[in-house]
Colleague: 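The following block contains the structure, expressed as structure tokens.
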Protein chains: 2
Amino acid sequence: MHYQRASVAERRYLPPAVAVSVVAFALRPPVDAERGAASDAAHGSSTAIAAPPTMWLPLVRRTRAPFLGEWALPGGPTEWDETLADTALRTLRAAARRDPRHLEQLYSFGGIERSADAQRLVTIAYWAQYGERELDAEPAREGERPRGREAARDEERDQDQDQDQDQDREQPPAPRPRRWDDPLPPLSSRDSGDAGAAETAEALEQPAGENVAWFSIDALPQLAFDHAEIIDHAVARLRAKTEYAAVAHRFLGESFTLGQLRAVTEAILGQAVDPANFRRQSLARGGLIDTGELDSGGAHRPARLYRFSEPDRP
Amino acid sequence: MHYQRASVAERRYLPPAVAVSVVAFALRPPVDAERGAASDAAHGSSTAIAAPPTMWLPLVRRTRAPFLGEWALPGGPTEWDETLADTALRTLRAAARRDPRHLEQLYSFGGIERSADAQRLVTIAYWAQYGERELDAEPAREGERPRGREAARDEERDQDQDQDQDQDREQPPAPRPRRWDDPLPPLSSRDSGDAGAAETAEALEQPAGENVAWFSIDALPQLAFDHAEIIDHAVARLRAKTEYAAVAHRFLGESFTLGQLRAVTEAILGQAVDPANFRRQSLARGGLIDTGELDSGGAHRPARLYRFSEPDRP
DNA sequence: GCAAAAGTGTTACTCGTACACCCATGA
DNA sequence: TCATGGGTGTACGAGTAACACTTTTGC
């Protein structure tokens, strides 16, 4: 459109473009994923979740001018008919080949370092979570339409931090043509190239699957733009969540033992948690439902399996 | 620029414009301000802060197409050389004729109800606080440059909610041309019209001073767009702040009694607080400095005056 | 003196933490 | 039988809420 034709000198006078970056956490890389750096800790068994020491996230290696060759968060500019959350989903899927289990807005960064003559860019950062199920699923092929549109539905709902009593939003008075940030209609097949503001400095070419690797947050590489800040921000947000259980359970599968949930919490917090107290507090806080089943896997007393009451998939 | 020349049909294919909305709280309207609705409670004395029952905020009456005649939050699109925070400051100043004491990013709303052929708009919501000093200051004239650039400096720092340990951001590796969201250079004299994306649905013509009124949050009028949601959000954020004292003191002047601080806290929370416990906890939490002076104003024992340690004005 | 708010003291209760201890299973 | 994690009981301390009480002013 007009953007492409604007000269370099003209571009800086255009209003800022809107892009999205996604910090997508998981307890481990997907089985088929490239691992970036720090591959010392042996992640032996494929599916079993045993004492996860840290969290991982996918990064994309830049193949363009600013910060060429460095690693950056998945993301890119919004398409004209996409919600912010859908842009996050689409770009994350292009990088990780999977839809996340949870997606939530993090913060808007007005500025990113760029050359003076580039168009300005407002980056809306999102953070996402992958559960065991998503990591085990075979990678989606390019061109398929994303599954799990529910993930976007969470967004802009419980983005608030603590005891935010999710006030219901009443319908607007006037005819409601459809918020362009609504959960969203068919994502048509038009992810071929970078239309719109794609020439922007941070704009991301769809990674073909190469140039993507998963990194432990303990061993991150040099990062492009201010993405290191964004990740710090996301980690802080994750840890600040008072409702640990609500966040932690999304890293796991459908059902889980309290031991697993505690291990995840310890991975998030980066420190040990008393098992006895964790049990009591988790159960007291509510949201955990005893399935009645037992997990007879380990060389010890079988543990009860729980589900989380949150309707993850309606 | 290009935007103006784009036809209506073309506009919807443009990338979203970026605009800002500001929820600016104060304990009372400025003396010279128009009061909207609910003017029953007699606000007798001009300067004395006596048992403020609620919070107030400025709204702007729309003089354009969607939601014409309804009230909306101060705000508007970003200029090409403005940071997000500066856009918030500029538009808030245009409405309230005053610079706030504190400004902080709230949340990004991807969508706002609009007609299908209008350009999309991403709204970054900010919330601001006015103190007694700002409310008493004579209104700034149109065309002056804003004072109190410090306010913008807060922004993007402590936006996080609770125990966020303000991690220092290291300098970027490459030459740093200047983040376009930096605290910001001379705001030149160009607030004459709406350049750029100003034709956008929500775009705001600088209010000449009319069409602006202050409302109690207990008696808000019908609001345009999803601004009611944004206000709810801002109020929730304000109440969720654990460090009440740090937030509350900004509503007051340079020095204040603990009784005043408690009254402000009660206004924020909307409920009574035990004076004895409030005193102990406030002092224990630190940040309050006994000035040694006394406030001999009321028909009772004089109260010590305190300052807050936060360097509000460096 | 009396009202009213400043300021102090005391108690009870809640919640998080630490840790001792029993339970049930696989090897 | 022993090691291991599941699961229960309990005591201690910090922080908070509730409220009685004293102090100091203006009227």
Side-chain angles (χ1 to χ4, degrees), chain A residues 45 48-53 162-163 239-245 248 252 255-267 269-286 288-307, chain B residues 44-45 48-53 162-163 239-245 248 252 255-267 269-307:
Chain A
S45 55
I49 320 112
D162 329 32
Q163 57 282 30
R239 295 195 170 141
K241 284 269 176 189
T242 52
E243 299 283 336
Y244 295 126
L252 298 167
S255 64
F256 45 85
T257 68
L258 284 179
Q260 289 171 334
L261 194 64
R262 180 175 51 82
V264 173
T265 304
E266 288 174 343
L269 295 179
Q271 62 180 22
V273 174
D274 185 288
N277 297 329
F278 180 82
R279 156 176 300 275
R280 264 187 300 264
Q281 288 157 18
S282 297
L283 293 176
R285 195 132 35 194
L288 291 178
I289 298 166
D290 191 338
T291 64
E293 300 165 66
L294 293 178
D295 173 65
S296 308
H300 51 78
R301 172 173 171 179
R304 268 200 269 275
L305 285 167
Y306 291 88
R307 284 187 302 106
Chain B
S45 54
I49 320 109
D162 329 33
Q163 59 280 32
R239 294 195 171 141
K241 284 269 176 191
T242 51
E243 299 286 335
Y244 295 127
L252 299 167
S255 63
F256 44 84
T257 68
L258 284 179
Q260 288 171 335
L261 194 65
R262 179 175 50 83
V264 172
T265 303
E266 288 174 342
L269 295 180
Q271 62 179 24
V273 173
D274 183 287
N277 296 329
F278 180 81
R279 156 176 301 275
R280 266 187 299 262
Q281 288 158 17
S282 298
L283 294 176
R285 198 141 21 202
L288 291 178
I289 299 165
D290 190 338
T291 63
E293 300 165 66
L294 293 179
D295 173 66
S296 309
H300 51 78
R301 173 172 171 179
R304 270 200 267 277
L305 284 167
Y306 292 87
R307 283 187 302 107

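Computation of the quantities below employed the complete heavy-atom set of this structure, encompassing side-chain atoms and omitting hydrogens, waters and symmetry-equivalent molecules. Predicted, not measured: the structure shown is a model, and the values here were computed from it.
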Colleague: In Å, rounded to the nearest 0.5 Å, how long is the span from CZ of R239(A) to OG1 of T265(A)?
Modeller: 12.0 Å
Colleague: If you find the nucleotide of DNA chain C closest to R304(B) and the one closest to A299(B), which residue's nucleotide is nearer the 5' end?
Modeller: A299(B)
Colleague: CG of L283(A) versus P of dG7(D): gap in Å, rounded?
Modeller: 9 Å
Colleague: With a 3.5 Å distance limit and no angle check, can you tell me whether Q260(A) reaches the backbone of T257(A) through a side-chain donor-acceptor pair?
Modeller: yes
Colleague: If every non-hydrogen atom of R304(B) is compared with every non-hydrogen atom of D290(B), which pair is closest and at what distance?
Modeller: CD-OD2, 2.6 Å
Colleague: Can you see which heavy atom on S255(B) is nearest to which on R307(B), and at what distance?
Modeller: CB-CG, 4.4 Å
Colleague: How far does CZ of R262(A) sit from CD of E266(A), to the nearest 0.5 angstrom?
Modeller: 5.0 Å
Colleague: For the pair made of CD in Q260(A) and P in dG7(D), what is the distance, rounded to whole Å?
Modeller: 11 Å
Colleague: Reading nucleotides 14-22 of chain D 5' to 3', which nucleotides get B (base under 4.0 Å from a protein heavy atom), which S (sugar-phosphate only), which -?
Modeller: --SBBB---
Colleague: Mind checking whether V264(B) and F256(B) have side chains closer than 4.5 Å, heavy atoms only?
Modeller: no
Colleague: Reading DNA chain C from 5' to 3', where do the contacts with chain A start and stop? Cut-off is 4.0 Å to heavy atoms.
Modeller: dG16(C) to dG26(C)
Colleague: Would you mind reading off the distance between L294(B) atom CG and dT25(D) atom C1', rounded to a whole angstrom?
Modeller: 11 Å
Colleague: Do L288(B) and L283(B) come close enough that some side-chain heavy atom pair is under 4.5 Å?
Modeller: yes
Colleague: Out of the candidates L252(A), L261(A), L258(A), T291(A), only one should pair with Y306(A) under the side chain to side chain contact (heavy atoms under 4.5 Å, CB included) rule; please name it.
Modeller: L258(A)
Colleague: For Y306(B) and P302(A), take the nucleotide of DNA chain C holding the closest heavy atom to each; which residue's nucleotide lies nearer the 5' end?
Modeller: Y306(B)
